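What follows is a short report on a single structure.
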Amino acid sequence: MKQMNVDVAVIGAGTAGLAAYRAARAAGKRTVIIEGGPYGTTCARVGCMPSKLLIAAAEAAHELRHTAPFGVRVDGEIVIDGRAVMERVRRERDRFVGFVLESVDGIPAEDRLRGYARFVDNTTLQVGDDLQLRAGRVVIATGSSPAVPPPFRALGDRLVVNDDVFSWDALPRRVAVFGPGVIGLELGQALSRLGVIVRVFGVGGGVGPLSDPAIRDYATAAFQEQFYLDPDARVEDMQRDGDEVVIRYARLDGEIVTERFDYVLAATGRRPNVANLGLENTGLELDARGVPLFDPATLQCGASPVFIAGDANNILPLLHEAADEGKTAGANASSYPEVSAGLRRATLGVVFSDPQIATVGTRFADLPADAVIGEVSFENQGRSRVMLKNKGLMHVYAERGTGRFLGAEWIGPRAEHIAHTLAWARQMDLTIAQMLDMPFYHPVIEEGLRTALRDAAAKLAG
Ligand SMILES: Cc1cc2nc3c(=O)[nH]c(=O)nc-3n(C[C@H](O)[C@H](O)[C@H](O)COP(=O)(O)OP(=O)(O)OC[C@H]3O[C@@H](n4cnc5c(N)ncnc54)[C@H](O)[C@@H]3O)c2cc1C
Ligand SMILES: NC(=O)c1ccc[n+]([C@@H]2O[C@H](COP(=O)([O-])OP(=O)(O)OC[C@H]3O[C@@H](n4cnc5c(N)ncnc54)[C@H](O)[C@@H]3O)[C@@H](O)[C@H]2O)c1
């Protein structure tokens with residue numbers, strides 16, 4: 001067994017791990033980064049980037065089909081060449097992965113260890129079969145994986161997760177999507193727009209990341225106009241039959257129907273990759289899902305020299321959070337036992353559906369009971385209507401008494417951009433009155449935001 005001693009060991013070369021490695025190196029520590037799977041990061045290989053590439057193709061198809069109300073006719077057939085669609089998704093995805101691989105190649109070879117890491121004790125790691133690593137401090141940055149309900153496994157290769165979708169050579173004909181969360185909505189809608197027959201089944205009524213019931217109900221209805229979505233589905237039976245999956249379920253109108261699908265896409269949530277880390281060999285206290293208890297500000301696990309960042313800690317499983325957390329964990333691992341709170345930005349989430357969904361700051365579910373809610377519908381909002389994108393409902397939340405802007409949840413046009421404006425306002429701790437003193441151009445979708453802010457201001461005054 002080879003032995004090695006380092007100051008900092010980072011487990012996982014994803015977005016969080018690479019940021020942690022760079023921070024620890026910048027602090028002058030002898031650091032290694034350990035990767036068991038493929039290099040390239042989840043975001044670039046099977047996450048953010050290929051999903052947005054598929055959505056871009058779907059949007060192109062959708063726009064082409066919806067020109068008539070403008071008096072613009074597309075003459076002739078609109079053909080979706082599934083092979084060409086998937087070829088571009090993979091080609092462009094590979095280009096993004098290539099940039100990550102280049103940056104990994106830039107890491108000195110002696111700092112890059114290959115193999116899955118397992119804790120032998122708090123500061124000893126077994127890497128693969130033939131290396132034992134003693135590290136003064138460890139950063140866990142092992143990411144997350146799809147949480148597939150065990151009965152789905154019986155479907156064999158007809159069961160797919162997001163990773164599989166992006167390696168398809170062509171588009172299938174019929175897909176049943178389980179889970180109308182962020183991934184299910186993005187991929188389900190995109191596949192539907194690309195001509196795939198899609199059924200999206202959920203449990204409990206949730207849609208995307210929305211916790212505000214009025215916005216969730218609006219979103220449900222808006223998506224139901226576009227594709228089959230039952231957020232609280234009754235699926236009576238699901239069996240594999242040859243190369244197909246036969247599903248018997250209660251349709252939204254109550255009728256029991258049986259349909260055949262080429263694939264079942266499980267988008268039923270993700271769980272942190274901690275199960276095979278040997279955490280039982282450490283002195284770390286674990287939560288019910290086996291994730292070490294940690295301080296969200298410093299990312300330190302208890303008082304130990306172990307830190308946890310990115311999807312592995314499951315607080316905010318988003319790319320920019322993984323990058324920030326990686327940096328904090330790497331810096332604190334280097335300065336341990338001195339640790340300090342890292343940068344925590346205003347929370348910001350965007351679902352790249354159409355209409356887009358966004359959440360900023362405090363979620364509805366976490367608001368104080370007396371919070372003020374300003375509202376705007378985008379249905380008659382000027383610019384949205386000009387562009388025939390007039391679908392959406394926004395709630396902005398404010399603190400009674402102080403008028404501080406707390407957060408927002410909404411579905412609506414160009415939400416990805418308004419979300420940034422709002423996240424910046426939240427991070428600067430602006431009040432609704434201060435936000436209304438900011439410039440608004442005309443005619444823009446942000447004028448809809450201004451209507452919601454004015455509504456909140458009037459309610460605060462009342
Ligand atoms: C379909 C999809 C779409 C998404 N879209 C967006 C989006 O639009 N915007 C956004 O902000 N976020 C998006 N996300 C979320 C985003 O991709 C993740 O939050 C982010 O990639 C997490 O980075 P990470 O470093 O924590 O994990 P990863 O990038 O997964 O890195 C973890 C690494 O650890 C390795 N590893 C695991 N265990 C071990 C071990 N024991 N030893 C050694 N190595 C190990 C893994 O092989 C992996 O390479 C999306 C996710 C998915 C799945
Ligand atoms: N645009 C983005 O930023 C983006 C895109 C994709 C993923 N992500 C990240 O990835 C994370 C994981 O996404 P996700 O969509 O897998 O999880 P999610 O938690 O957003 O959604 C999972 C959904 O599956 C449902 N579900 C659970 N079990 C089910 C079952 N047996 N049958 C039917 N439905 C079931 C849940 O009720 C929920 O609606 C997100 O939280 C997000 O942080 C972000």
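A quick note: this is a predicted structure, and the numbers were derived from the prediction, not measured. Both counts, for ligands and for their atoms, begin at 1 and track the order of listing. Residue indices begin at 1 and follow the sequence shown.
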Nearest-option assignment for [atom], heavy atoms, candidates [options]:
| atom | options | answer |
| --- | --- | --- |
| atom 17 (O) of ligand 2 | Gly269, Gly181, Ser353 | Gly269 |
| atom 26 (N) of ligand 2 | Leu187, Val203, Val235, Leu348 | Val203 |
| atom 27 (O) of ligand 1 | Gly278, Gly36, Gly17, Gly143 | Gly143 |
| atom 15 (C) of ligand 1 | Ala19, Pro317, Pro272 | Pro317 |
| atom 30 (O) of ligand 1 | Asn313, Thr42, Ile33 | Thr42 |
| atom 6 (C) of ligand 1 | Cys48, Ala13, Pro38, Ser144 | Cys48 |
| atom 1 (N) of ligand 2 | Leu318, Val350, Val351, Asp311 | Val350 |

Handout entry: Within 6.0 Å of CZ in Arg414, more than 12 heavy atoms from elsewhere
Key = no

Handout entry: Asp232 atom CG: more than 12 heavy-atom contacts under 6.0 Å
Key = yes

Exercise for the section: Determine, for Tyr39 and Arg114, whether the Lys NZ or Arg CZ falls below 6.0 Å from the six-membered ring centre while staying within 45 degrees of the axis. Expected result: yes

[X] heavy atoms, cut-off 4.0 Å: which ligand 1 atoms fall inside?
| X | result |
| --- | --- |
| Thr15 | 25 (O), 29 (O) |
| Ala16 | 25 (O) |
| Gly14 | 25 (O), 28 (P), 29 (O), 31 (O), 33 (C) |
| Val46 | 1 (C) |
| Gly37 | 47 (O) |
| Gly310 | 26 (O) |

[X]: heavy atom below 4.0 Å from ligand 1, yes or no?
| X | value |
| --- | --- |
| Phe352 | yes |
| Gly349 | no |
| Arg270 | yes |
| Glu321 | no |

Exercise for the section: Start with the C-alpha gap between Arg173 and Ile197, add the side-chain angles, then the distance that decides, and say whether side chain to side chain contact (heavy atoms under 4.5 Å, CB included) holds. Expected result: CA-CA 6 Å; Arg173 282 174 306 150; Ile197 294 168; over 6 Å; no

Exercise for the section: May I ask you to check whether Phe152 has an N/O atom sitting below 3.5 Å from an N/O atom of ligand 2? Expected result: no

For [atom], what's the nearest protein heavy-atom neighbour? Residue, atom name and distance, please.
| atom | answer |
| --- | --- |
| atom 21 (O) of ligand 1 | Cys43 N, 3.6 Å |
| atom 3 (C) of ligand 1 | Gly47 C, 3.3 Å |
| atom 41 (N) of ligand 1 | Ala117 O, 3.2 Å |
| atom 8 (O) of ligand 1 | Lys52 NZ, 2.7 Å |
| atom 19 (O) of ligand 1 | Asp311 OD1, 2.7 Å |
| atom 33 (C) of ligand 1 | Glu35 OE1, 3.6 Å |
| atom 34 (O) of ligand 1 | Gly12 CA, 3.2 Å |

Practice task
Would you please indicate if the ring centroids of Tyr263 and Trp168 are separated by under 6.0 Å?
Solution key: yes

Using atom types as modelled and distance alone, determine if a side-chain donor or acceptor of [X] lies under 3.5 Å from a backbone N or O of [Y].
| X | Y | result |
| --- | --- | --- |
| Glu409 | Asp212 | yes |
| Gln356 | Ala415 | yes |
| Arg234 | Ala250 | no |
| Gln381 | Val444 | yes |

Practice task
Would you indicate whether the side-chain heavy atoms of Leu18 and Val104 approach each other to under 4.5 Å?
Solution key: yes

Problem - Polar proximity ligand 1 side, Leu318 side, N/O cut 3.5 Å exclusive - result: yes

Exercise for the section: Before signing off on this row, confirm whether Leu319 and ligand 1 have an N or O atom pair separated by under 3.5 Å. Expected result: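 Min N/O separation from ligand 1 is below 3.5 Å for Leu319.
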
Exercise for the section: Pick one of side chain, backbone, both or neither for how Pro317 approaches ligand 2, counting any non-hydrogen atom pair under 4.0 Å. Expected result: both

Practice task
Kindly state if atom 36 (C) of ligand 2 has a protein heavy atom within a strict 4.0 Å cut-off, that is, under 4.0 Å?
Solution key: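 Neighbour list for atom 36 (C) of ligand 2 is empty of protein heavy atoms (cut-off 4.0 Å).
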
Fill in the blank from the handout: Hits for salt bridge (Lys or Arg N to Asp or Glu O under 4.0 Å) against Asp253, two or more places apart or cross-chain, chain-then-number order -> Arg251

